[in-house]
Amino acid sequence: MSLILERINAPQDLKRLKLTELKKLAGEIREVIINTVARNGGHLAPNLGVVELTLALHYVFDSPRDRIVWDVGHQCYAHKLVTGRREKFHTLRQYQGIAGFPKRAESPHDIVETGHSSTSISAGLGLATGIRLTRKDGRVIVVIGDGSMTAGMAFEALNNTGHLKEDLIVILNDNEMSISPNVGALSSFLSRKITGRLARRIKKDVERMMERLPGGEHFLHALKKSEELLKCALTPGMLFEALNFEYIGPVDGHDLEGLIKLFSNLREMRGPLLVHVLTKKGRGYPPAEADPETFHGVGPFDPETGKVLKSSSAPPSYTEVFSKTMLRLGELEPRLVAITAAMTTGTGLKAFAERFPERFFDVGICEQHAVTFAAGLALEGLLPVCAIYSTFLQRSFDQIIHDVALGNLHVVFAIDRGGIVGEDGPTHQGQFDLSYLRLIPNMTIMAPKDENELQHMLYTALSLPGPVAVRYPRGTGVGVPLDQEFREIPLGKAEVLREGKELLILAIGNMVSPALEAAKRLSKEGIESTVVNARFAKPLDEELICDLASEIGQVITVEENTLFGGFGSAVAECLSDHGIKTNLKRLGLPDKFIEHGAPAILREKYGLTSENIYRLAKSMFLK
Ligand SMILES: Cc1ncc(C[n+]2csc(CCOP(=O)(O)OP(=O)(O)O)c2C)c(N)n1
Ligand SMILES: CC(=O)[C@@H](O)[C@H](O)COP(=O)(O)O
Ligand SMILES: [Mg+2]
């Protein structure tokens, strides 16, 4: 029997479907998403939760004339399936395949690039204001999750929208989950059990009673005035109503017919509207419904059993080593506290949270707040470790400068996902942190050559003064044994791993291993190189680097960071400042956003491999 989905090549095709067909289509879409994510990996639970919402939006509104903006965008798979990408959907998140987040270059239906949370209302307000000022037509609808609604930026935008009173429809997709169960006062406020249904039933009963009374219409009029009071008192809407939003809900986010009716009404309404939609994260796939946290972002899995496929023989991931080290440090150092911005599992802090619940803080998707909160803790003599992915830490750039570094406060930044992360693409690559941190006074930046050195760097970070960043990559370590005892790494001191007089390779972080491999290969061809594990991007081991560079002359630097302002730049500045002339070649990421794809493919493409280090070195010795 042919799939209804096969007849959907554009959102307009939805409008010809009957309700029964739309409901069948929802099932087909779920099937495709489950099977595709089972093969490719991706964000399963968030996408299964918004299938009806997506169909109702595209059934009622006219994308792209009506702009639909997805906050974070990790829940855009159904949107992509009904906006002309069904046939390519099997390439989801693969190199040169379709992206796992909205991408303007991919479709006119993808209105803004997203990947970082809580930007949709700001972007939506800009779109709505722009439509008005340029006298275009079209509505703006943003879909933002309850987790994303916890970020300060979302409130900045709500506040400004209420002030401007632009025509903007905000759909709050409330599944009571961020990646983990949602946190914060707003979350508990939103899930107050008195629902809009109760308010509506009371209102209907009272209206019917009034209509039967003589002169009841006058009472009814007065009552309508107090309806807002009743509704605010009985629904979570009071917060949004206070910000000049017309609050509607909560409504069932899986009731396709109800959503279509509601959205059809919304088309005629003006001004800021907030629709509170209740959905189930993982809806329609029991393993994901039962465990939406695991199935938030998941690697390939067996769709029959829901069992995530993981090679047991792989070395521990950097995250796992961080997790275990934090437990050990937590025992050693009672002042240690850990902070995450809604990424407990991803950063590896789950075990710490269970072992030291009173010393663990999940502040919600609030990286800016997380950093300044850490500053406050440090001022009171605690030792905060802020575990925030490289790309998300970009959110807190000023807080790091203004609230931590300026006061030289001792805050440790555990920066996971430093470098190429792969399939999440340009919004998630950790390609800038060495650069954006290096320019901050008082900052110390370390990057371990392997998972064993990571634990020593974390241990060292606890005793260094001021702000200390330890950045490490996504994925498994090199596979070296882990020392039982921690040891301190001397501040600003690099490590010579191999000696040779013809070439100097200065590598940092996960590029040390490929540098060593290249050196071994070069040696077989008579080119002897010195390989240095830089360990510190700041402070640089200037004495060692200058001595070796002036002696050897041929120099290569390697980093998994943008070349602009990163480790290689630091070396070039150092050599220049000391008047040392060398033939310096820098390997790193180019001045562009790195696309999505498997990390191995991207490292190959951007020359961050031992093969490419070898080839570059050889070229430096061509006569
Ligand atoms: C600035 C930022 N911090 C952290 C993340 C990681 N992240 C992606 S989705 C997500 C949870 C989003 O929860 P919610 O908005 O409720 O969407 P749901 O997954 O429940 O549909 C988080 C923390 C991010 N994308 N952006
Ligand atoms: C959508 C989002 O931003 C997160 O789910 C992110 O994809 C997690 O990345 P990891 O898979 O590296 O933890
Ligand atoms: Mg949610």
Side-chain angles (χ1 to χ4, degrees), residues 37 41-51 53-54 70-78 93 99-102 114-121 142-154 171-184 186-187 190-191 253 276-283 288 292-299 308 317-319 340-349 362-370 387-397 416-430 472-475 596 599:
V37 175
H43 291 93
L44 184 66
N47 282 286
L48 294 177
V50 297
V51 173
L53 183 57
T54 305
W70 299 93
D71 200 282
V72 182
H74 63 316
Q75 77 294 58
C76 70
Y77 298 177
R93 293 163 53 93
F101 295 87
T114 51
H116 285 192
S117 81
S118 320
T119 63
S120 62
I121 304 173
V142 306
V143 181
I144 181 168
D146 54 313
S148 301
M149 190 61 99
T150 60
M153 187 173 176
I171 294 176
L172 172 58
N173 172 31
D174 183 3
N175 52 24
E176 297 188 56
M177 291 294 290
S178 186
I179 293 180
S180 317
N182 201 6
V183 295
L186 172 72
S187 167
L190 285 176
S191 51
H276 184 184
V277 170
L278 301 179
T279 63
K280 175 101 181 120
K281 197 163 183 177
R283 169 94 171 202
E293 186 167 351
T294 299
F295 284 91
H296 168 85
V298 66
V308 182
S317 68
Y318 282 89
T319 308
T340 178
M343 303 291 289
T344 308
T345 312
T347 56
L349 281 176
D362 175 358
V363 297
I365 313 181
C366 306
E367 288 83 3
Q368 294 166 318
H369 162 63
I388 300 178
Y389 288 11
S390 168
T391 188
F392 302 141
L393 190 64
Q394 290 163 194
R395 269 268 159 97
S396 333
F397 181 62
D416 201 336
R417 277 57 172 189
I420 287 175
V421 299
E423 290 82 355
D424 272 347
T427 54
H428 284 64
Q429 311 292 7
Y472 44 96
R474 184 178 200 272
H596 67 272

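Whatever order the structure lists ligands and atoms in, that order sets their numbers, starting from 1.
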Please determine if the Mg ion (ligand 3) has an N/O/S atom from [X] lying under 2.8 Å away.
| X | answer |
| --- | --- |
| N175 | yes |
| D174 | no |
| M177 | yes |

In ligand 1, which numbered atoms sit nearer than 4.0 Å to a non-hydrogen atom of [X]?
| X | result |
| --- | --- |
| A342 | 23 (C) |
| K281 | 18 (P), 19 (O), 20 (O) |
| H296 | 9 (S), 19 (O) |
| N175 | 18 (P), 20 (O), 21 (O) |
| G145 | 14 (P), 15 (O), 16 (O) |
| M177 | 13 (O), 14 (P), 16 (O), 20 (O) |
| P46 | 19 (O), 21 (O) |

Answer key: the N, O or S atom of D146 nearest to the Mg ion (ligand 3) is OD1
Where the side chain of [X] meets the backbone of [Y], is there a donor-acceptor pair that is under 3.5 Å apart?
| X | Y | result |
| --- | --- | --- |
| H116 | T427 | yes |
| Q75 | G73 | yes |
| N182 | E176 | no |
| T345 | T294 | no |
| N175 | L278 | no |
| N47 | Y77 | yes |
| E293 | I179 | no |
| S118 | S148 | yes |

Q | Chi angles and distances behind the side-chain contact (heavy atoms from CB on, under 4.5 Å) call for S178, I365 | A | CA-CA 8 Å; S178 186; I365 313 181; 3.9 Å; yes
For ligand 1, the portion of [X] having any non-hydrogen atom under 4.0 Å away:
| X | value |
| --- | --- |
| D146 | both |
| H43 | neither |
| M149 | neither |

Among protein heavy atoms, which lies nearest [atom], and at what distance?
| atom | answer |
| --- | --- |
| atom 7 (N) of ligand 1 | I179 CD1, 3.9 Å |
| atom 13 (O) of ligand 2 | Y389 OH, 2.6 Å |
| atom 26 (N) of ligand 1 | S117 N, 2.9 Å |
| atom 10 (P) of ligand 2 | R417 NH2, 3.5 Å |
| atom 25 (N) of ligand 1 | G115 O, 2.9 Å |
| atom 15 (O) of ligand 1 | S148 OG, 2.6 Å |
| atom 5 (C) of ligand 1 | F392 CZ, 3.4 Å |
| atom 7 (O) of ligand 2 | D424 OD2, 2.5 Å |
| atom 14 (P) of ligand 1 | G147 N, 3.5 Å |
| atom 4 (C) of ligand 1 | E367 OE2, 3.5 Å |
| atom 4 (C) of ligand 2 | H43 NE2, 3.8 Å |
| atom 8 (C) of ligand 1 | V72 CG1, 4.0 Å |

Is any side-chain heavy atom of [X] less than 4.5 Å from a side-chain heavy atom of [Y]?
| X | Y | value |
| --- | --- | --- |
| Y318 | R474 | no |
| E367 | S117 | no |
| V183 | T150 | no |
| W70 | N173 | no |

Any heavy atom of V421 closer to ligand 2 than 4.0 angstrom?
no
D416 meets the side-chain contact (heavy atoms from CB on, under 4.5 Å) criterion, sequence neighbours left out, with T319, Y389, Y472
The residue among Q429, H596, R93 that forms side chain to side chain donor-acceptor pair (under 3.5 Å) with D424 is R93
message = Please check whether H74 reaches ligand 2 - meaning an N/O of the residue sits under 3.5 Å from an N/O of the ligand, judged on distance alone.
response = no
message: I'd like to know whether ligand 1 has S178 as a neighbour, heavy-atom separation below 4.0 Å.
response: yes
Between ligand 1 and M343, can you find any atom pair, the residue atom being a heavy atom, that is separated by under 4.0 Å? yes
To atom 17 (O) of ligand 1, the nearest of H74, M153, H116 on a heavy-atom basis is H74
Out of H428, R474, H296, the nearest non-hydrogen contact to atom 12 (O) of ligand 2 is supplied by R474
When every non-hydrogen atom of A341 is compared with those of C366, the smallest separation belongs to CB-N, 3.9 Å
*Is the closest N or O pair between R395 and ligand 1 shorter than 3.5 Å?*
no
Ligand 2 atoms nearer than 4.0 angstrom to some heavy atom of F392 are 3 (O)
